[in-house]
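First comes the structure, then the notes that go with it.
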Amino acid sequence: MFGSLKQVTCIVGVSLSLALAGCQSTTPDQNLTYWTPQSQVAKDFVSYVNEVTDPKSEKFIPKEDRIAVFDMDGTLVGETYPSYFDWVMFTHKVLRDPNYKAPAYMKKFANQLEEGWKNGKLPKDAEKIHAKYSFESFKGMTIDEVQAYAREFMKTDAKGFNNLKRGDAYFRPMISLVKYLEKKDFTIYIVSGTERNIVRVLLENVLDVPSDRIIGSDGVIKATGQGNKDGLDYVYQPDDKLIYTGELITKNVKMNKVPIIAREIGKVPVLSFGNSSGDLSMSQYITNNKKYESRAYILLGDDSQREHGSEAKVQKLKKYCEEHGFYTISMKDDFATVYGDDVTLQK
């Protein structure tokens with residue numbers, strides 16, 4: 001799991017559980033590692049960062065405005081083992097956890113979801129239904145209990161890969177990039193569709209992003225003694241604990257990311273990193289920043305040798321990015337490694 005990754009440290013200070021041969025910089029900056037020598041997007045990115053952090057540059061961005069937002073699933077961590085971490089954890093809990101008695105309608109959906117991963121045809125409105133049922137499955141659990149459950153699931157094997165646990169399935173080049181930006185005095189926010197407290201667990205001991213800079217999907221949380229009383233009519237008691245009610249507030253994807261960024265950050269970031277259509281609204285919001293030269297980057301899952309990616313499947317997304325002025329990162333061409341050289345696909 002991520003919490004066990006402090007044993008080996010590379011140049012960038014990223015904690016690794018699997019030693020990687022040749023842990024050296026391949027790009028114009030010694031702090032940006034795991035990118036191929038020919039990666040033009042990496043070279044261009046380093047030039048951009050050097051320029052906006054140079055006080056003598058016309059494009060200089062003060063420290064207080066150097067804000068970068070990162071999606072998590074598919075951008076920082078894998079999402080093909082065989083799907084998003086929280087989706088796979090949900091089906092595990094509903095279908096295989098003997099301690100959880102899921103209702104029949106939830107089991108039916110979980111089976112449909114797993115079948116969808118196999119045949120490439122997810123159930124209609126899968127994203128919305130999963131968000132609703134996922135929080136319902138947390139009903140009565142405390143925040144600590146949900147996080148403990150996620151930590152245990154992180155220890156399981158990443159399906160479809162050899163030598164990889166779900167808790168170790170982060171993209172090393174992207175973690176390096178986050179560390180690089182931190183050294184350049186950028187403030188990092190994680191803006192994920194996964195439940196907020198699960199995101200905090202997935203990234204602990206991997207990134208130094210404070211918990212208050214982690215934004216995710218949210219559900220209603222109340223005191224154990226609160227019952228049906230509104231928060232305005234109840235006072236937290238000495239023996240109270242906070243528990244999930246099972247109700248969804250917001251699924252933090254697509255357009256929902258934009259007002260949430262505005263509300264929680266209070267400024268328009270200057271950098272955005274995502275990997276799918278769920279990040280396009282966030283990308284446009286960042287590039288609409290007229291005060292500074294802002295950039296949006298989309299990671300293309302086009303690597304079919306080290307990841308379960310497909311060049312054909314990302315062509316539509318790549319075209320959209322080109323039309324809207326977003327930069328693209330090719331996992332196949334720009335990453336010197338994905339998870340580490342000893343991680344291979346199960347074929």
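Owing to the predicted nature of the structure, the values given are computational and were not obtained by experimental measurement.
Distance alone, capped at 3.5 Å, places no donor-acceptor pair between the Asn197 side chain and the Gln147 backbone. Of the possible donor and acceptor atoms, none in the side chain of Asp54 sits under 3.5 Å from a partner among the backbone N and O of Phe60. Put simply, the side chain of Arg172 gets close to the backbone of Tyr339: a donor and an acceptor are under 3.5 Å apart. For Asn289 (side chain) and Val268 (main-chain N/O), a donor-acceptor pair under 3.5 Å exists by modelled atom type. Side chain of Asp334 to main chain of Ser330: a donor-acceptor pair is present (N/O by atom type, distance under 3.5 Å, no hydrogens or angles). A distance-only check finds a donor-acceptor pair linking the side chain of Ser47 to the backbone of Lys43 [under 3.5 Å]. Arg306 contributes a side-chain N or O that, together with a main-chain N or O of Phe335, makes up a donor-acceptor pair within less than 3.5 Å.
Asp144 is linked by a salt bridge (charged side-chain N to carboxylate O under 4.0 Å, His left out) to nothing, counting only residues two or more places apart in sequence or in another chain. The side-chain contact (heavy atoms from CB on, under 4.5 Å) check on Ser310 picks up Ala312, Lys313, with sequence neighbours excluded.
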Verdict with supporting geometry, Lys241 and Glu145, salt bridge (Lys or Arg N to Asp or Glu O under 4.0 Å)
CA-CA 12 Å; Lys241 295 180 180 179; Glu145 288 170 342; over 6 Å; no

Evaluate the side-chain contact (heavy atoms from CB on, under 4.5 Å) criterion for residues Ile215 and Val69: first the C-alpha distance (whole Å), next the side-chain angles of each, then the deciding distance (0.1 Å), finally the verdict.
CA-CA 10 Å; Ile215 303 169; Val69 289; over 6 Å; no

Worked verdict on Glu51 versus Arg295 for salt bridge (Lys or Arg N to Asp or Glu O under 4.0 Å):
CA-CA 13 Å; Glu51 187 169 27; Arg295 293 187 175 191; over 6 Å; no

Can you check salt bridge (Lys or Arg N to Asp or Glu O under 4.0 Å) on Lys179 and Asp208, steps first, answer last?
CA-CA 9 Å; Lys179 294 285 186 179; Asp208 296 323; 3.1 Å; yes

With side chain to side chain donor-acceptor pair (under 3.5 Å) as the criterion, how do Thr224 and Asp240 come out once you've worked through the C-alpha distance, each side chain's angles and the decisive distance to 0.1 Å?
CA-CA 6 Å; Thr224 49; Asp240 266 334; 3.1 Å; yes

Step by step, would you call Thr142 with Val146 a side-chain contact (heavy atoms from CB on, under 4.5 Å)?
CA-CA 6 Å; Thr142 65; Val146 169; over 6 Å; no

Under the salt bridge (Lys or Arg N to Asp or Glu O under 4.0 Å) criterion, do Asp157 and Lys165 qualify, and how do the steps go?
CA-CA 4 Å; Asp157 292 333; Lys165 299 292 184 182; 2.6 Å; yes

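Heavy atoms only, all atoms of each residue included: Asp333 and Gln38 are closest at O-NE2, 4.0 Å. Between Lys251 and Leu248 the shortest heavy-atom distance is N-CD1, 4.1 Å. Among all heavy-atom pairs drawn from Leu76 and Met174, the shortest one is CD2-CB, 3.9 Å. Annotation for Arg166 and Pro82: closest pair NH2-CD, 4.2 Å, computed over non-hydrogen atoms. Heavy atoms only, all atoms of each residue included: Lys254 and Ser281 are closest at O-CB, 3.8 Å. Listed here is the closest heavy atom pair of Val52 and Arg66: O-NE, 4.2 Å.
Residues Met89 and Ile198 have side chains in contact (heavy-atom distance under 4.5 Å, counting atoms from C-beta outward). Taking the side chain as every heavy atom from C-beta outward, Tyr297 and Leu271 approach each other to under 4.5 Å. The closest side-chain heavy-atom distance from Ile188 to Leu207 is not below 4.5 Å. No side-chain heavy atom of Lys318 sits under 4.5 Å from any side-chain heavy atom of Ile298. At least one side-chain heavy atom of Pro62 sits under 4.5 Å from a side-chain heavy atom of Tyr292. Under the 4.5 Å side-chain criterion, counting only non-hydrogen atoms from C-beta, Tyr189 is not in contact with Pro269. Residues Lys319 and Gln315 have side chains not in contact (no heavy-atom distance under 4.5 Å, counting atoms from C-beta outward). Side-chain contact check for Leu181 versus Phe70: some heavy-atom pair is nearer than 4.5 Å.
Proximity of the aromatic rings of His130 and Phe109 is defined here by a centroid distance below 6.0 angstrom, and this criterion is not met. Ring-centre distance between Tyr105 and Tyr133: below the 6.0 Å cut-off. Ring centroid separation for the pair Tyr34 and Phe171 does not come in under the 6.0 Å cut-off.
Note that the CG atom of Asp218 and the CD atom of Glu195 stand 7.0 Å from one another [nearest 0.5 Å]. Expressed to the nearest 0.5 Å, how far NZ of Lys257 lies from CG of Asp71 amounts to 3.5 Å. Note that the NZ atom of Lys59 and the CG atom of Asn50 stand 13.0 Å from one another [nearest 0.5 Å]. Of the inter-residue distances, the one linking Phe186 atom CZ with Tyr180 atom OH reads 8.5 Å to the nearest 0.5 angstrom. Asp86 CG to Thr194 OG1: the interatomic distance, rounded to the nearest 0.5 Å, is 3.5 Å. Once rounded to the nearest 0.5 Å, the distance linking CD1 of Ile61 with NZ of Lys63 reads 14.0 Å.
Checking Asn288 against Gln284 by side-chain atom types alone, a donor-acceptor pair falls below 3.5 Å. No hydrogens or angles considered: nothing links the side chains of Gln237 and Asp239 as a donor-acceptor pair under 3.5 Å.
Within 6.0 Å of the NZ atom in Lys121, the count of heavy atoms belonging to other residues, nucleotides or ligands does not exceed 12. Applying the 6.0 Å contact sphere to CG of Asn228 captures no more than 12 heavy atoms from other residues, nucleotides or ligands. Sparse packing is recorded around CD of Glu58, with 12 or fewer heavy atoms of other residues, nucleotides or ligands lying under 6.0 Å away.
Paired with His308 under the rule ring-ring contact (aromatic ring centres under 6.0 Å, His included), one option of Trp117, Tyr81, Phe161 passes, and it is Phe161.
Ion pairing between Arg151 and Glu204 holds under the 4.0 Å rule for side-chain N and carboxylate O.
As a member of the Ile/Leu/Val/Met/Phe/Trp/Tyr network built from side-chain separations under 4.5 Å, Ile243 groups with nothing else and remains a singleton.
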